[in-house]
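Structure, as structure tokens:
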2 protein chains.
Amino acid sequence: MNRSPTIRDVAKRAGVAVSTASLALNGKPYVSRETRFRVLQAAEELGYHPHSLAKNLADGRTRNLGLITPISLEHLFASAGFFSRLIRGMHRAAAEHGYNLSLHIAESEEEAVTRVRAAIRGRSVDGLIITNPTVTCPYLKDLKRHRIPFVFIGRPLEEATYVDNDNVEVSRIGVRHLIECGHRRIAFLNGPAHFTFCVDRLVGYRAALAEAGLPYEEDLVWQSDLTEGAAYQVVWELAPKHEFTALFAGSDVQAVGAIRALQARGVRVPQDVAVVCVNNTDLTSHFIPSLTAVDLHEYWLGYWAVKRLVQTIDGERTEHPVLIPGELVERESCGCPSQDQQRRG
Amino acid sequence: MNRSPTIRDVAKRAGVAVSTASLALNGKPYVSRETRFRVLQAAEELGYHPHSLAKNLADGRTRNLGLITPISLEHLFASAGFFSRLIRGMHRAAAEHGYNLSLHIAESEEEAVTRVRAAIRGRSVDGLIITNPTVTCPYLKDLKRHRIPFVFIGRPLEEATYVDNDNVEVSRIGVRHLIECGHRRIAFLNGPAHFTFCVDRLVGYRAALAEAGLPYEEDLVWQSDLTEGAAYQVVWELAPKHEFTALFAGSDVQAVGAIRALQARGVRVPQDVAVVCVNNTDLTSHFIPSLTAVDLHEYWLGYWAVKRLVQTIDGERTEHPVLIPGELVERESCGCPSQDQQRRG
DNA sequence: TGCTAGTCTCGAAACGGTTCGATGAACAGG
DNA sequence: CCTGTTCATCGAACCGTTTCGAGACTAGCA
């Protein structure tokens, strides 16, 4: 015979009933020592491995976690690295709990709705992780109606369990570092205010200034899309109109746009203006000058999202969010004396 | 009742047998017009959606495709963006054919073996896509023994169906561009020779020179790991010893290391040395000067890998590989007059 | 000795679909 | 009118597990 052995084959070889074999194989109680041994041995000899689909159908759990990514990723995460680090963290947590990760990528929010529905209808996942909840969250009602466990990555406006960076802290760390370097007039190039993380970061910016007893000047808070070009334009236009010695940028790409604009205006980085940004990426480490950045630890974002989802699946009621702290990675662009020499890497 | 409707509920409501309902719902022949209509209507009214697990168990197909990534991704793909573009392409093709994508990330090759085995044993996938086959390919014998369909991304040494870039063409395109810009002494900073793509690219480099009637000088072919630091060291050391006006780098990160070394030696890019590299990434577009690069179209790499896998699953015998062409993206670093001004982007 | 509680084992019934073989009706050709 | 197809439908078996209820056997205790 060529087909792979089933639990029946194992049971037969061990001379027990199928149900007993099942108990033995799953380490359940009420199986005698010898019986368990015989079953295990038979399984071993036959090269038996349970058929996951059958298992899943029988006990109603799929052991599958779905990742839904609405909105074209290029637009959302400035850098694609975000996505892969996120996924790796998710994967690790999933593996720790015996879950598989399945991907449901959508290019638009409507497509995301479709994918959420399909996942729910087909009962193909035990829970969902959804990145970048927006204001509308059109899938939310489907999720709630079917009571399927889910976790957001990113702070949603609605009440829902989520995992996100502590974005207040993220910008506070960056700005505080500039203050410690002696800067007192620090511009902030933020992202669009409809992202919750941008709102939070403004709070952190103000907090850092307040802590240091520095005044908050609305004129020094700028805003641009997350692209290099948008950042360039904004900085090109606003930089000459204000006095500042440092700039805190909301993303690595925005920082690059800003630096290019400053250089075009004859401003040197970091000598004339120091720069710190959010997102520790390939770009920040390889750029010249290399960029001091706040690392978002996306790996752990993914890791905890899955952890939290598994908790939810297991019925634990845990409403409060998980907030991942950022971490400052010092490089050349902040112009600090303590800049590390990792060029030789 | 709260449980979701099954096909039995549909059958009962439509007044037909379960088997008939199944035929009707799946668009199979031998169902009369009215019967089919009644079944469909009943399904509609009940809000019936087939239970994917049950379906899969019944017909023995999982409709799942597994992606196995051996070897820490950071090491393998210089940039993380590679991974996410690959995945998106895979996802699209999978969606087109009604498959799901499940992730099996391994940090080492041994772990990859474990994951391959687990996937096979649990019958949880219909086929596997494995990135970056190495010389040893330890999972290969498991794959062949169980006759599970699989496709490699990257050219393996063993005989096996794979999808890869046309790496000979990739470097030929890059080098040819430099030649067209008037350069005659072109250095080549390649990656480690144990990667098949590096071997292929050397072939392309030589081909481009030969086509233009330029001599091949072994002294101008350098080699470094795929990191910035390694590239820096090699170029720092070798650059002064040779005469050349252009450099072709095997990756974006290597190009950055090379440029940094050149600049440290007082060589300007692109004025004194023009640079073209492989990998069109965030880094190449945002770097100053922005880097002319050969785009690898990873999206299509992933797309065709899945396409090919599905063909294999469907029993089509298609041994020859799919080769994705590269495409030159012109920017500042090659110093060509036709450089586009996309700064405003 | 009789009763109860606890172990161990078993067969059967799920889980929710697909597929196979049988059955009957309608219809064609001879 | 008989026979052989083709079409439409049905019931039952099956995919490979888990779980449930029941029965048998063993101790422990009055």
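Just so we're on the same page: letters track the sequence lines, and every chain starts at 1. Heavy-atom basis, side chains included; hydrogens, waters and symmetry copies ignored.
Residue B:R3 contributes atom CZ, which lies 7 Å from atom P of C:dC15 at whole-angstrom precision. Atom CG of B:D59 and atom C1' of C:dG16 are 12 Å apart (whole Å). Counting to the nearest Å, the P atom of C:dC15 and the CD1 atom of B:I7 are 15 Å from each other. Taking atom CG of residue A:L53 and atom P of nucleotide C:dG17, one finds them 14 Å apart after rounding to whole Å.
The neighbour count for A:E45 CD, taken as heavy atoms of other residues, nucleotides or ligands under 6.0 Å away, is above 12. At most 12 heavy atoms of other shown residues, nucleotides or ligands fall within 6.0 angstrom of atom CZ in B:R33. Within a 6.0 Å radius of CD in B:E44, other residues, nucleotides and ligands contribute 12 heavy atoms or fewer.
The pair B:R88-B:E298 does not count as a salt bridge, with every side-chain nitrogen at least 4.0 angstrom from each carboxylate oxygen. Between A:D164 and A:R155 no salt bridge is recorded (no basic side-chain N to carboxylate O distance below 4.0 Å). With respect to the salt-bridge test (charged N to carboxylate O, under 4.0 angstrom), the residues A:R92 and A:E96 qualify.
Contact annotation: B:K55 reaches the phosphate of C:dT18 (side-chain N/O to OP1 or OP2, under 4.0 Å).
Relative ring orientation between B:W300 and B:Y303 is described as perpendicular, the plane-to-plane angle rising above 60° on a 0-90° scale split at 30° and 60°. The aromatic rings of A:F195 and A:F197 lie parallel to each other, their planes meeting at an angle below 30°, with 60° marking the opposite boundary.
Reading DNA chain D from its 5' end, the first and the last nucleotide to sit under 4.0 Å from a heavy atom of chain A are D:dG16 to D:dT19.
Judged by distance alone, with hydrogens and angles left aside, the side-chain atoms of B:D9 form a donor-acceptor pair with the main-chain N or O of B:T6 at under 3.5 Å. Here the side chain of B:H91 pairs a donor or acceptor atom with the backbone of A:I105 at under 3.5 angstrom. A distance-only check finds a donor-acceptor pair linking the side chain of A:T312 to the backbone of A:R308 [under 3.5 Å].
The stretch residues 21-37 of chain A touches DNA chain D through A:S22, A:N26, A:K28, each having a heavy atom within less than 4.0 Å of the strand. Using a 4.0 Å cutoff on non-hydrogen atoms, no part of residues 115-122 of chain A comes near DNA chain D.
Map B:L57 and B:S19 each onto its nearest nucleotide of DNA chain D; the residue landing nearer the 5' end is B:S19. Mapping B:A54 and B:V18 onto DNA chain D by nearest heavy atom places B:V18 closer to the 5' end of the strand. Nearest-nucleotide mapping onto DNA chain C: of A:T20 and A:R8, the residue sitting toward the 5' end is A:T20.
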